[in-house]
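To start, the structure under review is shown below, and the notes come after it.
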Number of protein chains: 2
Amino acid sequence: MKPIDIFKALSNETRLNILQWLKEPEKHFPKQGAHLPKEVSIKGGVCVGDIQEKANASQSTVSHYLNMMQKAGLLESVRYGQWTYYRRNEEVIRQMADFFKTEI
Amino acid sequence: MKPIDIFKALSNETRLNILQWLKEPEKHFPKQGAHLPKEVSIKGGVCVGDIQEKANASQSTVSHYLNMMQKAGLLESVRYGQWTYYRRNEEVIRQMADFFKTEI
DNA sequence: TTGACATATCTAAAAACATCGATATATAAT
DNA sequence: ATTATATATCGATGTTTTTAGATATGTCAA
């Protein structure tokens with residue numbers, strides 16, 4: 001876990017929003033998983049297009065955001081067909097919250 | 001409390017170090033308060049010069065760092081004569097840790 | 001195989017940030 | 001008053017970040 005990369009990733013309103021939206025995907029992305037057959041459940045994952053629509057930024061920008069958040073460890077991705085689903089990496093987020101509490 | 005300003009302030013190794021050093025001022029700044037008469041105790045405060053020396057950056061850079069950390073709410077300052085003593089704002093830091101734990 | 005769609009990557013331009021030396025301000029000491 | 005010291009602010013420059021359009025890659029459907 002690299003705290004500075006995580007802080008950088010969170011230093012932007014849109015990225016911070018994305019992370020928070022993904023806490024409750026079904027609430028913030030009602031049409032979530034519309035593409036997926038029922039038997040495939042990518043729990044909590046939302047595809048780039050849905051995130052882009054809500055984030056109101058260009059496709060390349062959102063893709064870039066998601067990539068940097070993943071590199072920082074905040075998100076993880078699963079590819080299903082032509083879609084990439086991003087979800088929170090709760091383990092890292094929890095570690096970071098602990099780090100903040102005890103080391104900052 | 002503006003989380004994004006706080007994240008920005010923490011997105012830099014030197015600034016992150018400063019905040020952590022100030023958790024244990026007596027440990028990291030042995031000559032702390034050398035200028036101060038005993039009866040004036042600015043608990044946990046360290047002057048800019050001492051911080052600069054340890055941070056190994058220019059005086060203007062460190063002054064700027066401290067100012068932005070203060071604006072973000074992470075630090076508070078007390079002026080005593082020609083010195084400005086900076087110390088952590090534990091209240092804000094705690095709030096931020098809670099925010100991270102519950103909202104991120 | 002072709003065409004449509006989702007996502008990633010590339011490229012470039014603008015905006016923001018980082019950093020320092022120089023200068024200003026404030027206080028202290030002589 | 002002058003000088004010295006501590007800190008803040010200014011101004012300039014180099015670096016990083018942001019952002020989007022264009023293009024590439026990969027997948028699906030006909």
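Lettering follows sequence order; numbering is per chain, from 1. Side chains are part of it too, since the values below use all heavy atoms of this structure and drop only hydrogens, waters and symmetry mates.
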Spacing of W83(B) atom CH2 relative to dT27(C) atom P, expressed in whole Å: 13 Å
Heavy-atom donor-acceptor pair, Q59(A) side-chain to dA20(D) base, under 3.5 Å: no
N/O donor-acceptor pair under 3.5 Å between T102(A) side chain and D98(A) backbone: yes
From dA6(C), dA22(D), dC20(C), nucleotide with atom closest to S58(B) side chain: dC20(C)
N67(B) CG to dT25(C) P, straight-line distance once rounded to whole Å: 17 Å
Candidate nucleotides dA20(D), dA6(C), dA8(D), ranked by approach to the side chain of S63(B) - the nearest: dA8(D)
Closest-nucleotide 5' rank along DNA chain D - winner of T61(A) and Q82(A): T61(A)
Distance test, side-chain N/O of Y86(A) to OP1/OP2 of dA6(C), below 4.0 Å: no
d(NZ, K71(B); P, dA8(D)) in whole Å: 11 Å
Spacing of L22(A) atom CG and K27(A) atom NZ [to the nearest 0.5 Å]: 13.5 Å
Selected nucleotide, minimal atom distance to R79(B) side chain, candidates dT18(D), dT27(D), dT7(D): dT7(D)
Sugar-phosphate only, base, or nothing, as touched by T84(A) at under 4.0 Å among non-hydrogen atoms: sugar-phosphate
For atom CD of Q70(A) and atom C1' of dA8(C), their distance in whole Å: 12 Å
H64(A) vs G81(A), nearer the 5' end of DNA chain D by closest nucleotide: H64(A)
Selection residues 67-77 of chain A - residue pairs positive for side chain to side chain donor-acceptor pair (under 3.5 Å), sequence neighbours left out: N67(A)-K71(A), Q70(A)-S77(A), E76(A)-R87(A)
Heavy-atom donor-acceptor pair, R94(A) side chain to M96(A) backbone, under 3.5 Å: no
Distance, rounded to the nearest Å, where M68(A) contributes CE and dA8(C) contributes C1': 16 Å
Value in whole Å for how far the P atom of dC17(C) lies from CD1 of I4(A): 17 Å
K8(A) NZ to dC17(C) P, straight-line distance once rounded to whole Å: 13 Å
E13(A), CD: over 12 other non-hydrogen atoms inside 6.0 angstrom: no
N12(B) CG - dA18(C) P separation (whole Å): 7 Å
